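Owing to the predicted nature of the structure, the values given are computational and were not obtained by experimental measurement. Below, all heavy atoms of this structure are taken into account, side chains as well, without hydrogens, waters or symmetry copies.
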Amino acid sequence: MFYPDFDTDPHPALQSSIIVDLQTLATNYRDYRTSDNPPILHRKETFVTPDYPLYSEFAALTRLEQALGLLRNTTAIGTRVLWEQRLELQGVELRGHSLIVHPERAKGDSPRIERHKAAIARTELSRPVRLAVEADLFSSETTFFDYGCGYGGDIRCIHKLGYSSTGWDPYYSPDTPPIAADVVNLGYVINVIEDTGERREALIKAWELTRQVFIVSAQVLISDRTRGQIAYGDGVVTRRNTFQKYYEQEELKTYIEQVLEVEAIPVALGIYFVFRDPSLGQSFRASRYRSRATTPRIRVPSKRFEDYQGLLTPLMKFISDRGRLPVKGEMLQQMELLAEFASFKRAFQVILQVTDSQEWEEIAQKRREDLLVYFALSNFSHRPKLAELKPQVQEDIKALFGSYKQLLLSADEILFAVGNLDIIDQCCQKSEVGQKLPNSLTIHVSSLESLNPLLRLYEGCASRTIGRMDSANVIKFHIKAPKISYYFYPNFDLEPHPTLSASMQIDLRDLQVIYTDYDGEFNPPVLHQKDTLVTCEYPQYAKFVKLSDREQDWGLLDNWQEIKRLKGWQKCLIEHCATIENHQLRWRKDADPYKLKLLRSALNKKRVNSKNFFNT
């Protein structure tokens, strides 16, 4: 990056930059010389060593700017226009590396904030409420209250689902009395309140109405940081005179927990669930790290099993779910079962006669790994005492680990190992599923539970603190740096090569989140070899494999750098006279006959050479 006035300008503007990909040597050059609003530099002393001639001058300026609050919310001061607006708002002038404060110039009269204009008319559930419904937090008797309901879209949608729902809003529904409810939603409200005291009061009042689950959401990203916004307080004021406080994800979590003095569980970017009963919060967390298990199928016919199949089927379901035998009081049908078999162990012996014992052991191992991942992650916040856990979980621990102490020792051991990138690298290379590159392992989200528990924990360190990006269906494990990336490919199953819609990268060292939106981009990244991302149990696996094998056979995947984006992939298909319909690779009907003949001949020759190679 070239800042021509680095020494003389207290906040020099970026004139040009060049990015070099060290693997491909591809470059990306940007020129800001004609820009009216170039990026600018802050905290210059952090870029030089203490023996730099101007280090003290740089550092003194930064200390003054920090004291005046000029460097708060760095996303709102990254360009020249935004920085000048911040200075004007504060009544501050820069002369060289000196600050001059003009109290009479400060914008004493706050802009008129019209909060109601931030409300959004909805015809379907908002994302936070939808996630709560999908998480099964609503039962038949659940009541719902929307605090700051705006136009009332969530209230109507929840009512259509059959739940009792109401809400209050200071502008659109001021006469509706706030009432207690099982689930209370504070959806994107605290980020539109410019007064910090009032913001805190809204959070507390909504929590006081909550009987079971409190849904809190706020904006955490600025999609456009350079147009139509001026600095105001600790947020920005938009063109419509609505205030927006943009939180960092970890900042939002800390704010909720400090105000309410309870743990906030991240569900997605900017969305948290807060549980009135801590044990319910623990159960919710644990459910998010619980892998799926299929009850082993009957392999050998047995008259005795068939005679008692009605009694034994619930037992099979229980063991598939918990990975262990039940204890008395855990099964509704236990009286009939024990009357016939005397013990659960004897009943299970009958089940083993008709099923594969190895499958049952694999289920138990899955449950051990689930507990390991959950309790390793619990070390980042409040690790519960054994007595605080539900009785069923206590029995799980006893059966699968012998003792709570042994579980915690194993959990701490795996948590310590997750910080070693060499071990992470080894796990990625040994993984039976995933697209392996020198610096990463990429999987479909459905494959996560099949990974080594250390990799599940690695991803959990990101999702537990930040939350996964909504709709993310592909996950990348970075090997050279502790980072996790989430990707959203719409129509993953339907499109043979879906294009990337959005990505979110989380740096586990400082929890920095980098979000990129590819919607509407002319040349977005495109996905290849989907079969490598999923397990062989995935419903579309066979179709994915067949397509990838044919593409490999035709040479379409030979030059990875040229086909990783949409335009390059489309060019490759045209050059190979190929088209793809419903995951089937075909020759183009409008292809030049002579070129098609050459391509067919080259393909046949390649197949013959390959066959001869394997026969030698």
Requested in this report: Tell me, with the steps shown, if Tyr487 and Tyr518 meet ring pair (Phe, Tyr, Trp, His ring centres under 6.0 Å).
Outcome: CA-CA 11 Å; Tyr487 301 103; Tyr518 293 93; 8.4 Å; no

**Report entry** side-chain hydrogen bond (donor to acceptor under 3.5 Å, both in side chains) between Thr532 and Gln435, worked out
**Finding:** CA-CA 5 Å; Thr532 62; Gln435 201 171 90; 3.2 Å; yes

Requested in this report: Assess whether side-chain contact (heavy atoms from CB on, under 4.5 Å) is satisfied between Leu455 and Ile443, documenting all intermediate values.
Outcome: CA-CA 11 Å; Leu455 293 181; Ile443 64 164; over 6 Å; no

Report task. Report the C-alpha separation of Tyr147 and Phe214 in whole Å, then their side-chain angles, then the decisive distance to 0.1 Å, and conclude whether the side-chain contact (heavy atoms from CB on, under 4.5 Å) test is met. Result -> CA-CA 10 Å; Tyr147 193 95; Phe214 185 29; over 6 Å; no

Query - Candidate pair Leu269 and Met469, rule side-chain contact (heavy atoms from CB on, under 4.5 Å), full reasoning - result: CA-CA 6 Å; Leu269 201 61; Met469 181 177 69; 6.0 Å; no

Report task. Might you work through the salt bridge (Lys or Arg N to Asp or Glu O under 4.0 Å) test for Glu198 and Lys205, ending with a clear yes or no? Result -> CA-CA 10 Å; Glu198 194 175 342; Lys205 283 186 174 180; over 6 Å; no

Requested in this report: Go through the steps to decide whether Asp154 and Ser126 satisfy the test side-chain hydrogen bond (donor to acceptor under 3.5 Å, both in side chains), and finish with yes or no.
Outcome: CA-CA 6 Å; Asp154 278 331; Ser126 65; 2.7 Å; yes

Query raised in the report: Under the side-chain contact (heavy atoms from CB on, under 4.5 Å) criterion, do Arg322 and Glu330 qualify, and how do the steps go?
Result: CA-CA 11 Å; Arg322 311 304 304 185; Glu330 288 189 313; over 6 Å; no

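Distance CG/Asn473 to OG/Ser501: 9.5 Å, rounded to 0.5 Å. Separation of atoms CZ (Arg292) and OG (Ser320) is listed at 14.5 Å; rounding is to 0.5 Å. Expressed to the nearest 0.5 Å, how far CG of Asp425 lies from OG of Ser440 amounts to 10.5 Å. The distance from atom CD of Glu537 to atom OG of Ser450, rounded to the nearest 0.5 Å, is 8.0 Å.
Surrounding CD of Glu362 are more than 12 heavy atoms belonging to other residues, nucleotides or ligands, all under 6.0 Å away. Residue Arg509 places its CZ atom among more than 12 non-hydrogen atoms of other residues, nucleotides or ligands, all under 6.0 Å distant. Other residues, nucleotides and ligands contribute over 12 non-hydrogen atoms within 6.0 Å of the NZ atom of Lys436. Heavy atoms from other residues, nucleotides or ligands lying under 6.0 Å from CD of Glu432 number 12 at most.
Taking Glu257 as the reference, Lys253 meet the salt bridge (charged side-chain N to carboxylate O under 4.0 Å, His left out) condition, with sequence neighbours excluded. For Arg290, the salt bridge (charged side-chain N to carboxylate O under 4.0 Å, His left out) partners at least two apart in sequence or on another chain are Asp321.
Salt-bridge check for Lys530 with Asp493: failed, with every basic side-chain N at 4.0 Å or more from each acidic carboxylate O. A salt bridge is defined here as a Lys NZ or Arg NE, NH1 or NH2 lying under 4.0 Å from an Asp or Glu carboxylate O, and Arg130 with Glu124 fails to meet this definition. Using a 4.0 Å cut-off between a side-chain N of Lys or Arg and a carboxylate O of Asp or Glu, Glu395 and Arg324 do not qualify as a salt bridge. Taking 4.0 Å as the cut-off between side-chain N and carboxylate O, Glu134 and Arg127 do not count as a salt-bridged pair. Checked for salt-bridge contact, Glu263 and Arg464 meet the test: a charged N lies under 4.0 Å from a carboxylate O.
The side-chain heavy atoms of Pro482 and Leu421, taken from C-beta on, include a pair separated by under 4.5 Å. Side chains of Thr535 and Ser446 form no contact here, defined as non-hydrogen atoms less than 4.5 Å apart. In this structure the side chain of Ile466 reaches within 4.5 angstrom of the side chain of Met504, judged on heavy atoms. When side chains are defined from C-beta on, Tyr458 does not count as touching Leu441, because their heavy atoms never get closer than 4.5 Å. Using a 4.5 Å heavy-atom cutoff, the side chains of Ile363 and Ile319 are not in contact. Contact annotation: the side chain of Leu500 never approaches that of Phe488 to less than 4.5 Å [non-hydrogen atoms, C-beta and beyond]. The side-chain heavy atoms of Leu451 and Ser431, taken from C-beta on, include a pair separated by under 4.5 Å.
For the residue pair Ser410 / Gln406, a side-chain donor-acceptor distance below 3.5 Å is found, with atom types taken as modelled. In summary, the side chains of Gln365 and Arg368 do present a donor paired with an acceptor at a separation below 3.5 Å, with no hydrogens or angles considered. At a cut-off of 3.5 Å, with distance as the only test, a side-chain donor of Glu459 or Tyr486 sits close to an acceptor on the other residue.
Note on ring orientation: taking the six-membered ring where Trp is involved, the planes of Phe492 and His444 are tilted (angle from 30° to 60°). Between Phe273 and Phe275, the angle of the ring planes goes over 60°, which puts this pair in the perpendicular group of the 30/60° scheme.
Heavy-atom minimum distance, Val433 versus Val534: CG2-O, 3.3 Å.
Between Tyr163 and Phe138, the ring centre distance stays below 6.0 Å.
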